[in-house]
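Both ligands and their constituent atoms are indexed starting at 1 by order of listing. Not measured: the values here are computed from a predicted model.
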Amino acid sequence: MRTTTVVIGAGHSGLAVSHFLSRRSIDHLVVERGEVANTWRTQRWDGLRLLTPNWLSHLPGFAYDGDEPDGFMTMPEVIEFIDRYSSACDAPVRTGTTVTDVRSVDGAYRVTTDDGVWEAPTVMLASGGFNLPHVPDVAADVPDSVNVISPLDYRRPDQLAPGAVLVVGASATGIQLADEIHRSGRPVTLAVGEHVRMPRAYRGRDVTWWMSMTGVWDERHDEIDDLVRGRHIPSPQLVGTPDRATLDLNALTRQGVELVGRLGAVRDGVALFSGSLRNVCALADLKLGRLLDRFDEWALASGVDGDVQRPHRLEPTRLDAEPRLTLDLRSGEIATIVWATGFRPDYSWLQVPVLDRRGRLRHDGGVVTGAPGMYAIGLNLLRRRKSSFIHGAEDDARDLTEHLAAYLGAPTEHG
Ligand SMILES: Cc1cc2nc3c(=O)[nH]c(=O)nc-3n(C[C@H](O)[C@H](O)[C@H](O)COP(=O)(O)OP(=O)(O)OC[C@H]3O[C@@H](n4cnc5c(N)ncnc54)[C@H](O)[C@@H]3O)c2cc1C
């Protein structure tokens, strides 16, 4: 079968691309292994809410229209939102169709699925940037007596064996799971590496309002000095809850969560934590201060300083005098380890030589390197800092379909 563009994945990114392809009358099809919004249906924990507020949930030609613009969607609400979007843009989605192989054949791409083969001059990889857990090598040395789980398999605390839990990683996922699991009555130790501290609100406005207004989220990939590093900056310590609470390390220690340094190794069954916890936290506090300075400077320069509350700074991260450096994993004290150490895409089906030594896709702002007509969307800092968020899809999808149309020699959107 032939088409012009095969879009792989019917998450919000693939659907946003479909919207722009339809507007340009580019014949295409969206193949999805599960249902629309499959990732939100099958790979997220029950209690998760978006950390981005409803007013920020917009896609090309579509936006949140409920009566709680400042609220945060639950998982069923996110699924319904993306489902409605798929219907609204009448996307040509083939659900239940898994792509098993993509290769270039005679100047086009052959996309093999478990339900047919398509050939197309262009392919959009919208298969997600967070398909697999990124588990560190030290995981191999964890004694078998300890249960291990990734956030993609975690659903709720009562799924875990009774006993204490070590959560490794203190970004958005790690702090949320440490909080939820601790509230379920289990002792929690949180191993903290580099992290991005953020208050839920600042000067009376949601932090995402500041990120949007000051242009942080719009910073482009070609303006960033160290793009490789930028693409690996951890997700911010943020949670979306009805009470709009800030969930940072201070909030967790107030509850009784124990903080330790980054998990460096497991030797003879003993977890060894880095002694750099104090430095890592001081650095996160410093960077937060710089971000708030930037917000304040923007408020002054743009004349809104008088419309928002007065500037203030957050209490520095509080730490025990001597955080522990070791934890004997053979003692039975820790029943479960949660690897909240990040996620990565799965391109195991991609038979085109476009991955680097570490399995990362080589691309320039989503235009895949060395594979004319192949594009990617939905990855961290793909084209902008907001690229991996729902509200980041619109600009990236517009840019990339424009590039794709030019590649095909198709007329412009308005022409
Ligand atoms: C825990 C977590 C919380 C997040 N919270 C927020 C938030 O609060 N706000 C926000 O804006 N963003 C959030 N994000 C980031 C981002 O919005 C989501 O990850 C989102 O799901 C990405 O959308 P996507 O369309 O790019 O990819 P996905 O939603 O992952 O969609 C990719 C689709 O491709 C399909 N697919 C993959 N491989 C194949 C294949 N071989 N064949 C066929 N189909 C395939 C998948 O089934 C999936 O449906 C969060 C991410 C995570 C991991």
Considering both backbone and side-chain atoms of [X], is one of its nitrogen or oxygen atoms within less than 3.5 Å of a nitrogen or oxygen in ligand 1?
X    : result
F343 : no
T98  : no
W45  : no
E35  : no
G9   : no
T173 : no
I390 : yes

For the residue pair [X] and [Y], does the interplanar ring angle fall in the parallel (under 30°), tilted (30 to 60°) or perpendicular (over 60°) class?
X    : Y    : result
W217 : F389 : tilted
F62  : Y85  : tilted
F295 : Y202 : tilted

[Y] and [X], any side-chain heavy atoms less than 4.5 Å apart:
X    : Y    : value
I377 : L400 : yes
H221 : R231 : yes
P345 : L132 : no

Part of [X] with heavy atoms under 4.0 Å of ligand 1, whether side chain, backbone, both or neither:
X    : answer
A126 : backbone
R49  : neither
F130 : side chain

Check each atom of ligand 1 against the heavy atoms of [X] and keep those under 4.0 Å away; list them by number with element.
X    : answer
S388 : 15 (C), 16 (C), 17 (O)
W349 : 41 (N)
G378 : 26 (O)

(request) Starting from the C-alpha separation in whole Å, work towards a yes-or-no answer on ring pair (Phe, Tyr, Trp, His ring centres under 6.0 Å) for W40 and W45. (result) CA-CA 9 Å; W40 300 102; W45 61 97; 9.8 Å; no
Considering non-hydrogen atoms of the protein only, which is the closest contact for [atom], and what is the distance?
atom                    : answer
atom 8 (O) of ligand 1  : L51 N, 2.6 Å
atom 41 (N) of ligand 1 : V99 O, 3.1 Å
atom 22 (C) of ligand 1 : H12 CE1, 3.6 Å
atom 3 (C) of ligand 1  : L48 CD2, 4.1 Å
atom 27 (O) of ligand 1 : G128 CA, 3.4 Å
atom 21 (O) of ligand 1 : R44 NH2, 3.2 Å
atom 39 (C) of ligand 1 : R33 CD, 3.8 Å
atom 49 (O) of ligand 1 : E32 OE1, 2.6 Å

Charged N-O contact under 4.0 Å between [X] and [Y]:
X    : Y    : result
D296 : R203 : yes
E32  : R94  : no
R324 : E258 : yes
R220 : D222 : yes
D46  : R156 : yes
D395 : R398 : yes

(message) Heavy atoms only: which of T97, T52, D346, T39 lies closest to atom 9 (N) of ligand 1?
(response) T52
(request) Select the closest option to atom 37 (C) of ligand 1 among S127, S235, S171, judged by heavy-atom distance. (result) S127
(request) Determine whether any heavy atom of W40 lies closer than 4.0 Å to an atom of ligand 1. (result) yes
(request) Consider only side-chain N and O atoms of D115 and T113, and report whether a donor and an acceptor are under 3.5 Å apart. (result)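 Side-chain D/A pair, D115 to T113: absent.
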